[in-house]
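Read through the structure below, which is laid out as structure tokens, and then see the notes.
So that the names make sense, note that chain A is the first sequence line, chain B the second, and so on, each numbered from 1.
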There are 2 protein chains.
Amino acid sequence: MAEGDALTIHEAAETTGWSPRMLRYVERSGLVVPERSRSGYRLYGPAELQRLRTLRELLERFDVGLSEIGFALRLRRDADLREAVGEWFDAQPHRPEDVAAADWLRWEQEKHQRLLNTQLMETAPR
Amino acid sequence: MAEGDALTIHEAAETTGWSPRMLRYVERSGLVVPERSRSGYRLYGPAELQRLRTLRELLERFDVGLSEIGFALRLRRDADLREAVGEWFDAQPHRPEDVAAADWLRWEQEKHQRLLNTQLMETAPR
DNA sequence: CCAACGTTACCAGAGGTGTGTCAAGGTTCG
DNA sequence: CGAACCTTGACACACCTCTGGTAACGTTGG
């Protein structure tokens with residue numbers, strides 16, 4: 001055990017529901033980056049643990065991926081990008097929202113349906 | 001040619017630099033959704049053409065993908081999601097970003113140093 | 001009528017994401 | 001010292017993104 005109330009990666013994994021593998025992956029995505037001990041061990045403090053738990057909830061609740069939150073982070077940091085994207089959206093003369101939204105929704109539903117189907121195929125091959 | 005000054009998918013492809021295949025893909029992503037003729041043909045008007053050109057520039061300039069702009073669109077439309085993501089980012093007590101980045105860099109350097117040391121130990125034990 | 005175009009629905013292949021596992025080696029601590 | 005951790009790196013696999021095809025079939029216009 002190391003100094004302070006910081007947990008090692010395995011301990012952090014157990015209390016947050018992530019796997020150690022995924023904690024390293026999350027770190028690489030830049031979303032939760034723990035401190036390091038002198039010898040290089042990751043040290044997860046209470047703040048990181050909380051952040052990991054809420055991140056998990058966020059991903060599940062909205063069915064988004066790490067890369068998407070990573071892009072949101074990029075949007076938040078890069079003012080040029082944020083502005084350019086905003087301008088592109090704002091430059092809609094007759095905003096096709098409703099039609100597009102309906103289409104998008106249908107597509108999403110179909111995706112989930114496909115996923116569900118394959119899962120059913122796997123778990124109930126009888 | 002159809003009614004008005006609308007172009008068919010092939011014509012639109014030529015003047016915007018996308019391929020017909022990609023125009024359908026862009027449509028499915030919800031970013032540029034053209035009107036349809038009575039028989040189902042896609043009709044690209046001047047607004048859509050401009051939108052396609054600027055979208056192209058946006059993607060190249062920032063090296064992002066359609067799915068990422070699609071996520072930005074989702075962020076813009078879904079207030080719940082936008083708020084949740086914002087809260088998650090804001091709930092950073094001591095924002096580890098800068099420190100963590102610096103720390104990581106230091107760690108990398110040290111690792112290389114250690115590696116170099118061990119290599120020296122191994123290759124020059126004579 | 002028929003050539004040339006449109007539609008959807010598939011297959012395919014390269015590259016990224018998400019996740020597990022394993023190997024080779026360093027660290028901690030009883 | 002030795003067990004039980006930790007580190008990075010790599011292989012593997014399934015799914016998604018992006019992009020190109022091809023097939024089967026409907027539409028348009030000379």
Side-chain angles (χ1 to χ4, degrees), chain A residues 1-3 6-14 16-31 33-44 55-56 59-60 63-71 103-104 106-108 110-119 121-123, chain B residues 1-3 6-14 17-31 33-44 55-56 59-60 63-71 103-104 107-119 121-122:
Chain A
M1 227 95 332
E3 59 264 62
L7 303 189
T8 65
I9 196 169
H10 252 92
E11 298 163 335
E14 281 186 1
T16 61
W18 294 90
S19 67
R21 177 67 169 84
M22 283 310 294
L23 289 186
R24 298 192 181 99
Y25 192 74
V26 169
E27 177 179 10
R28 210 190 44 180
S29 77
L31 294 178
V33 180
E35 300 290 313
R36 296 291 188 123
S37 74
R38 261 162 281 97
S39 57
Y41 284 23
R42 290 172 180 80
L43 297 177
Y44 292 88
L55 176 59
R56 204 164 174 59
L59 297 188
E60 283 187 9
D63 192 27
V64 298
L66 287 175
S67 59
E68 287 165 297
I69 304 298
F71 180 67
D103 210 55
W104 162 268
R106 187 167 53 73
W107 162 249
E108 280 296 288
E110 284 166 0
K111 188 177 73 177
H112 293 153
Q113 193 56 49
R114 285 195 303 278
L115 195 71
L116 189 61
N117 286 341
T118 61
Q119 283 173 349
M121 297 295 268
E122 285 164 357
T123 55
Chain B
M1 214 109 330
E3 60 264 62
L7 304 189
T8 64
I9 196 169
H10 251 93
E11 298 164 336
E14 280 185 3
W18 295 91
S19 67
R21 178 67 170 83
M22 284 309 294
L23 289 186
R24 298 193 180 98
Y25 192 74
V26 170
E27 176 179 10
R28 207 190 47 179
S29 77
L31 295 177
V33 180
E35 299 291 312
R36 297 292 187 120
S37 75
R38 263 162 280 96
S39 57
Y41 284 21
R42 289 170 179 81
L43 298 177
Y44 291 89
L55 176 59
R56 205 167 172 56
L59 297 188
E60 283 186 10
D63 192 29
V64 297
L66 287 175
S67 60
E68 287 163 298
I69 304 299
F71 182 67
D103 210 54
W104 164 267
W107 156 248
E108 281 294 289
Q109 284 162 193
E110 285 167 359
K111 185 181 75 178
H112 294 151
Q113 194 55 49
R114 285 196 304 279
L115 195 70
L116 190 60
N117 287 342
T118 60
Q119 283 173 346
M121 297 295 270
E122 285 165 357

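For the pair B:Leu43 CG and D:dT27 P, the computed distance is 15 Å after rounding to whole Å. The distance from atom CG of B:Leu23 to atom P of D:dG21 is 14 Å, rounded to the nearest whole Å. Between the P atom of C:dT17 and the CG atom of A:Leu59 lies a distance of 14 Å, rounded to the nearest Å. When rounded to the nearest whole Å, the span between CD1 of A:Ile9 and C1' of D:dT8 equals 11 Å. The nearest whole Å value for the distance from the CG atom in A:Leu55 to the P atom in C:dG18 is 11 Å. The distance from atom CZ of B:Arg28 to atom C1' of C:dC10 is 13 Å, rounded to the nearest whole Å. C:dT27 atom C1' lies 11 Å from atom CZ of A:Arg38, rounded to whole Å. For the pair B:Arg56 CZ and D:dC18 C1', the interatomic distance rounds to 12 Å; values are reported in whole Å.
Between A:Ser19 and the phosphate of C:dG20, there is a side-chain N or O to OP1/OP2 separation shorter than 4.0 Å. Residue B:Arg42 places at least one side-chain N or O under 4.0 Å from the OP1 or OP2 atom of C:dT8. Close to C:dG16, at under 4.0 Å from its OP1 or OP2, lies no side-chain N or O of A:Ser67.
Contact annotation: the side chain of B:Leu23 approaches that of B:Tyr44 to within less than 4.5 Å [non-hydrogen atoms, C-beta and beyond]. Put simply, the side chain of B:Tyr25 reaches to within 4.5 Å of the side chain of B:Met22, judged on heavy atoms. Annotation: side chain of A:Arg56 is not in contact with side chain of A:Thr16 (no heavy-atom distance under 4.5 Å).
At a threshold of 4.0 angstrom between heavy atoms, the contacts of B:Arg36 are confined to the sugar-phosphate backbone, with no base atom among them.
Residue B:Ile9 comes nearest to B:Pro20 through the heavy atom pair CD1-O, 3.5 Å, listed as atom of the first residue, atom of the second, then distance. Considering all non-hydrogen atoms of both residues, B:Ala6 and B:Leu43 come closest at CB-CB, 3.8 Å.
In this structure, of C:dG6, C:dT7, D:dG20, it is C:dT7 that holds the atom nearest to the side chain of B:Arg24. Taking only side-chain atoms of B:Met22, from C-beta outward, the nucleotide of D:dC6, C:dG6, D:dC18 with the closest atom is D:dC18. Side-chain proximity of B:Arg21 to D:dC5, D:dG20, C:dG20: nearest is D:dG20.
Between the base of C:dG20 and the side chain of A:Tyr25 there is no donor-acceptor pair shorter than 3.5 Å.
The residue among B:Ser39 and B:Val64 whose nearest nucleotide of DNA chain D is located toward the 5' end is B:Val64.
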